[in-house]
Each structure stands twice: as structure tokens, then as C-alpha cells.
Amino acid sequence: MSFPDLLPGGTPALIAITLSVFILAGVVKGVVGLGLPTISMAMLALVMAPAQAAALLIVPSLITNLWQARPWPTLPRVLRRIGAMQAGVCAGTIGGALWLGPPSGQWASVCLGLALVAYAAWGLFGSPPSAPQRHAGLTGLAAGAVTGLITAATGVFVIPTVPYLQALNLGKDGLIQAMGISFTVSTVALAVGLAINGGYSPEAAGASVLMLLPALAGMALGTWLRGRMSPQVFKRCFMVSLALLGAYQAAQGWAA
């Protein structure tokens, strides 16, 4: 089966755009350590239904985040700190999928746009919060549940995951690993939610597998760029672009 068959409406122009988006998203993740699902959803939702865009990102997001979740010897220690949050993510995503259905229609575009603007604003102006150790389990569960609901509605799972993980003071390596774990869990939960709603068919899974290669190529390029430019400057440009894209997405959805 050809790629146009796997991607409904897969004209050469759409295929070229989709491949380019995953290369760009991989570059972003290679430089700053996150952003592959975010930039994929933000750009693909401009040319296809949000549910279709979410289905395409499943395999690239899963594989790249599993890689980021290493090293395995420290996995149990990090999981003890963020286990409650992962339970909340699963409950929120699957519950949200049952409640909201697959991301679709104008409100999905509006919610996605607002989520991107909020994420960009936090990235530009927010400072790492401090999470109290008391009631840490309940706080993590709540943060995960909110992340899950946003994931079910938009396909984006960085808010409030990243600020919460930063608040745990896990250290640089621990934070990178914790993000890999959390994004992996969110990706699997999103795939389950899409499957529940009939949005993750074998055809969608096949197209998602094909997107892994451009994403990995982009990550390799991003890793190379990271050693030759300031990650802070790159991240600032990325966040500003994401805010503008999110504002456009929300306005377009609102006007539809």
C-alpha cells in the first residue's frame, strides 16, 4: 500500500508538507529536548483534521520519547517521583476521549491554539515553580489529569506537564528523563483514546510509522545544531513562532 493510500487525501503537496513538518519537529526536539508533538500538531492541524494529525504523531513521538526516557537503571527512582502524575495522565486522557470524542471541529482548533499560546507564554515568561513535598501525590495526580484532558482535546501534552516536572527539582538529567517518561505515557494514552473513538486505524498506524524516519532525521540535524548555536536563542525563537501559530489557529477556529 502506498503512502497516499495511507494518508487520506494524500496529494503530493500534502505529503511534502507532512514530511517537512516532521523534519522540522524533529529538529526542534533535537535542539531543546521537547516539542515534536507540539509543533507537529500545531502545523499539521492547519492542513488536516486535528484527529488525523494526532494519529500521525503517535509512532514518532513514542519512539523518540522512549529513547529520551533512558538510562534504564535510574528509571525506577524517577518513576517513584512521577508515578501519580502518570496515573492522572492516563485517567484524564482516556476519560477525556470518552467524554469529548476525537479532536475535531472548530473548538478543537480553538483549544489547540490556546494551549499553544499558553505553552509559549510560559516558555517565554514563566519561571520554574516550586512544588511542595506535602501532598505531592495528589498534586501530581491533578496535574496529570489536567494534562490528560488537554491531550484528549488537542493532542498536545506539554501543559501543565513540563512546569510541574520542573517544580520537582529532579536535576537536568532527571528532568530530561522524566519528560521522556511522561511524554511516552501521554503518547500511549492518546493512542488508546484515538482507538476508542475509531481514530487510530491500521492505516493511520502505518502512516505514523512512515513519519518516524523524517522525525529521526530532524532530530539528528537538531542534535548537530545544538552544538553550534545557543539553545536559549533557538528556544526563544521557537516559542515566539509557536505563540503566533497558536493565535492564528485559535482565531481561525473561532471564525469558522
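Model, not experiment: these values are computed from the prediction. Along the sequence shown, residues carry numbers from 1.
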Heavy atoms, side chains only, cut-off 4.5 Å: are M179 and L165 in contact?
-> yes
Side chains of I159 and P163: closer than 4.5 Å at any heavy-atom pair?
-> yes
Least distance between heavy atoms, I82 atom then S182 atom | CD1-OG, 4.0 Å
Heavy-atom closest contact (L116 atom, V156 atom, distance) = CD2-CG2, 4.4 Å
Among L212, L44, I39, L210, which residue meets the side-chain contact (heavy atoms from CB on, under 4.5 Å) test with F22?
-> L44
Between CG on residue L245 and CG on residue L46, distance to nearest 0.5 Å | 5.5 Å
Contact check, side chains of T64 and Q68, non-hydrogen atoms, under 4.5 Å | no
Verify, without hydrogens or angle tests, whether R81 (side chain) and L168 (backbone) share a donor-acceptor contact under 3.5 angstrom.
-> yes
Side-chain (S208) to main-chain (A204) donor-acceptor, under 3.5 angstrom | no
Closest heavy-atom contact between V27 and L225?
-> CG1-CD1, 4.0 Å
Side chain of S61, backbone of I58: donor and acceptor closer than 3.5 Å?
-> no
Between A243 and V117, what is the shortest heavy-atom contact and its length?
-> O-CG2, 3.6 Å
Shortest non-hydrogen contact from L100 to A153?
-> CD1-CB, 3.9 Å
If you take all heavy atoms of I150 and P160, which pair is closest and at what distance?
-> CD1-CD, 4.5 Å
Any donor-acceptor N/O pair, R70 side chain to W67 backbone, under 3.5 Å | yes
